[in-house]
Q: 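Structure provided below as structure tokens; questions to follow.
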There are 2 protein chains.
Amino acid sequence: MESSFTPFSFINKLEPAEWHALQGIGHRDIYKKGSYIFRANELNDSLYVLLDGRIKITRLSQHGRELIQWFCLPGEIFGLSVDDNSRQRGLYATAISDAKLLCIPKCDFDQYILQHPRIALLIIKQLASRLRTLGDTLLNITSDGAHIRFIKLLQRLSKFYGREHGGEVYIDLYLTHQEMADMIGVCRQTVSSMIGRMKKHGIIASTRDGICIQSPVEFQQLSEQPDNYLQHYL
Amino acid sequence: MESSFTPFSFINKLEPAEWHALQGIGHRDIYKKGSYIFRANELNDSLYVLLDGRIKITRLSQHGRELIQWFCLPGEIFGLSVDDNSRQRGLYATAISDAKLLCIPKCDFDQYILQHPRIALLIIKQLASRLRTLGDTLLNITSDGAHIRFIKLLQRLSKFYGREHGGEVYIDLYLTHQEMADMIGVCRQTVSSMIGRMKKHGIIASTRDGICIQSPVEFQQLSEQPDNYLQHYL
DNA sequence: CTCACAGTGTCGCATGGGCGACAGCTTGGT
DNA sequence: ACCAAGCTGTCGCCCATGCGACACTGTGAG
């Protein structure tokens with residue numbers, strides 16, 4: 001289980017000795033599907049490394065709307081964004097499948113970093129990369145209409161979770177329409193109807209197991225079309 | 001000039017020796033108002049510390065829409081988000097007033113971090129905090145209508161750049177309506193008319209020098225109202 | 001097997017807010 | 001002092017999307 005991690009794995013980048021030391025300062029824990037690892041307003045000074053399972057990181061608006069910021073796959077580190085003053089983070093982490101975690105108290109982790117400055121560079125790189133991704137998403141959401149938002153969502157997903165096979169790209173991540181809607185800030189029905197029309201046009205296929213982009217090249221071209229073209233073509 | 005930095009200053013948190021060492025690995029440079037420090041697709045391996053002046057960090061959509069992600073004030077460090085592979089960052093940094101910078105090659109900075117691991121913790125904290133802010137913005141933009149987006153923008157701005165004086169909060173940052181629109185993904189006219197109506201209601205005052213929130217408490221309450229209430233009240 | 005519930009497909013309506021247009025204003029350059 | 005260029009205020013039209021409603025399907029628990 002813990003042997004094959006994703007390309008974004010933090011663990012993969014550690015030397016065996018570093019990884020061993022890290023395990024020494026944390027403890028392992030198991031969370032059942034659907035349970036929270038942390039909540040927005042909890043006082044909580046831990047960091048987490050996901051060993052197995054899948055986590056979603058979300059925010060909640062005043063009015064109950066959920067925004068999914070990203071998914072963590074095995075090997076990734078998360079929970080870095082505790083605010084030192086309030087000791088809160090404004091985020092929720094929820095296990096979307098049973099999950100095995102390494103939990104590390106923040107103060108111990110800080111010590112660990114001081115002793116292993118190389119790791120600091122990894123963390124900085126990782127945070128910088130998330131910052132870029134999040135910024136992309138923000139740009140996408142403020143400046144594009146529903147169609148392009150959705151197309152770019154699929155592109156991000158396939159970049160992170162995609163698997164190519166015979167010219168098609170499979171996204172092995174089962175997401176409900178509601179969840180996708182929550183990632184791009186549109187309503188569920190809009191996602192449903194976009195998927196419906198894209199299926200009709202043979203651009204994507206969608207089943208219980210995930211979504212498949214049938215022609216990545218054509219799909220790429222779609223994302224470059226102006227919004228109003230898509231509205232009428234689709 | 002370089003003596004009084006903002007509360008978010010990176011420089012302020014350095015020991016004199018650390019700051020001295022940092023200056024040793026960088027060189028100073030001056031950018032005129034309106035010029036780019038870096039562009040999205042430039043190969044560029046530098047980090048920057050802003051000594052004096054003001055910088056805006058933006059992204060550009062395919063179709064020419066600009067999104068302002070944040071402003072840097074003196075003392076802050078920026079440009080951390082270079083992608084190691086592409087050596088690009090997808091971001092623009094523009095001097096919005098004449099700016100004095102310390103420019104540091106990334107590889108030297110990495111060495112510096114390895115030698116001063118304490119700094120790494122500062123950087124991590126800083127990035128985590130930006131990540132939180134950006135996530136907030138994203139939530140705000142996906143789940144709220146124009147009014148609340150704008151109100152929360154003013155709240156963020158006053159948190160970062162505000163100055164309290166006699167129960168009122170002054171935001172000493174001159175922004176055009178267009179710029180504010182670019183920060184929350186609405187069009188210029190919408191911002192203009194919201195400002196107009198809020199002025200009429202005596203909630204804010206806006207002049208050439210910035211915006212003033214006349215009653216922060218009342219303003220806070222506004223942000224908790226549902227969107228449709230605001231649409232009719234304002 | 002069957003019932004309950006979660007997820008999906010699809011209407012139709014109401015409306016928020018984008019966008020063009022254009023008339024004042026400022027402001028800075030010469 | 002004057003002009004050009006950029007910023008602001010304000011209309012009005014119109015369309016993409018949100019939202020309620022409801023029927024249908026698939027799946028997991030008992």
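Naming convention: chains lettered A, B, ... in sequence-line order (proteins, then strands); numbering from 1 in each chain. What you see is a predicted model; the values in this text were computed from it and never measured.
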Q: Thinking salt bridges, do B:R149 and B:D144 make one under a 4.0 Å N-O criterion?
A: no
Q: Enter the distance from A:H147:NE2 to A:K152:NZ here, rounded to the nearest 0.5 Å.
A: 14.5 Å
Q: Report the residue (B:S193 or B:R208) whose heavy-atom-nearest nucleotide on DNA chain D is the more 5′ of the two.
A: B:R208
Q: Output the rounded distance in Å from CE (B:M198) to P (D:dG9).
A: 14 Å
Q: Got a sec, which pairs hit ring pair (Phe, Tyr, Trp, His ring centres under 6.0 Å) with one end in residues 161-187 of chain B, sequence neighbours left out?
A: none
Q: Looking at B:R54, is its backbone amide N or carbonyl O close enough to the side chain of B:S97 to form a donor-acceptor pair, meaning the two atoms are under 3.5 Å apart?
A: yes
Q: Between A:R59 and B:D136, is the closest basic N to carboxylate O distance under 4.0 Å?
A: yes
Q: Measure across A:L230 and A:L222 and return the closest heavy-atom pair with its distance rounded to 0.1 Å.
A: CD2-CD2, 3.5 Å
Q: Please give, in whole Å, the distance from C:dC19 P to B:H63 NE2?
A: 12 Å
Q: Tell me the interatomic distance from A:R197, atom CZ, to C:dG9, atom P, rounded to whole angstroms.
A: 12 Å
Q: Rounded off to whole Å, could you give me the CG-to-P distance for the A:D209 and D:dG26 pair?
A: 14 Å
Q: Does the Lys NZ or Arg CZ of B:R89 fall within the cation-pi geometry relative to B:F38 - under 6.0 Å from the ring centre and within 45° of the axis?
A: yes
Q: How many Å lie between NZ on A:K199 and P on C:dT8, as a whole number?
A: 9 Å
Q: By side-chain contact (heavy atoms from CB on, under 4.5 Å), which residues pair with B:C187, not counting sequence neighbours?
A: B:Q189, B:T190
Q: Check salt bridge (Lys or Arg N to Asp or Glu O under 4.0 Å) between A:D209 and all other residues, then give those that pass, not counting sequence neighbours.
A: none
Q: May I ask you to decide whether B:R188 forms a salt bridge with B:E179, counting only side-chain N to carboxylate O separations under 4.0 Å?
A: no
Q: Whole angstroms only, please: what is the CD1-P distance between A:I96 and C:dA6?
A: 18 Å
Q: Ignoring hydrogens and geometry beyond distance, is a side-chain donor-acceptor pair present between A:E224 and A:Q220 at under 3.5 Å?
A: yes
Q: So, is B:T190 near the phosphate of C:dG16, with a side-chain N or O under 4.0 Å from OP1 or OP2?
A: no
Q: Mind calculating the distance between NZ (B:K33) and C1' (C:dT27) to the nearest angstrom?
A: 11 Å
Q: Report, one pair per line, the protein and nucleotides 20-25 of chain C atoms (nitrogen or oxygen only) whose separation is under 3.5 Å.
A:
from   : atom 1 : to     : atom 2 : distance (Å)
C:dG20 : N7     : B:Q189 : NE2    : 3.2
C:dG20 : O6     : B:Q189 : NE2    : 3.2

Q: Just how far, in rounded Å, is C1' of D:dG9 from NZ of B:K200?
A: 9 Å
Q: Of all of residues 144-152 of chain A, which get a heavy atom below 4.0 angstrom from DNA chain D, listed by number?
A: A:G145, A:A146
Q: Please give me every residue in residues 171-183 of chain A whose heavy atoms get under 4.0 Å of an atom in DNA chain D, ordered by residue number.
A: none
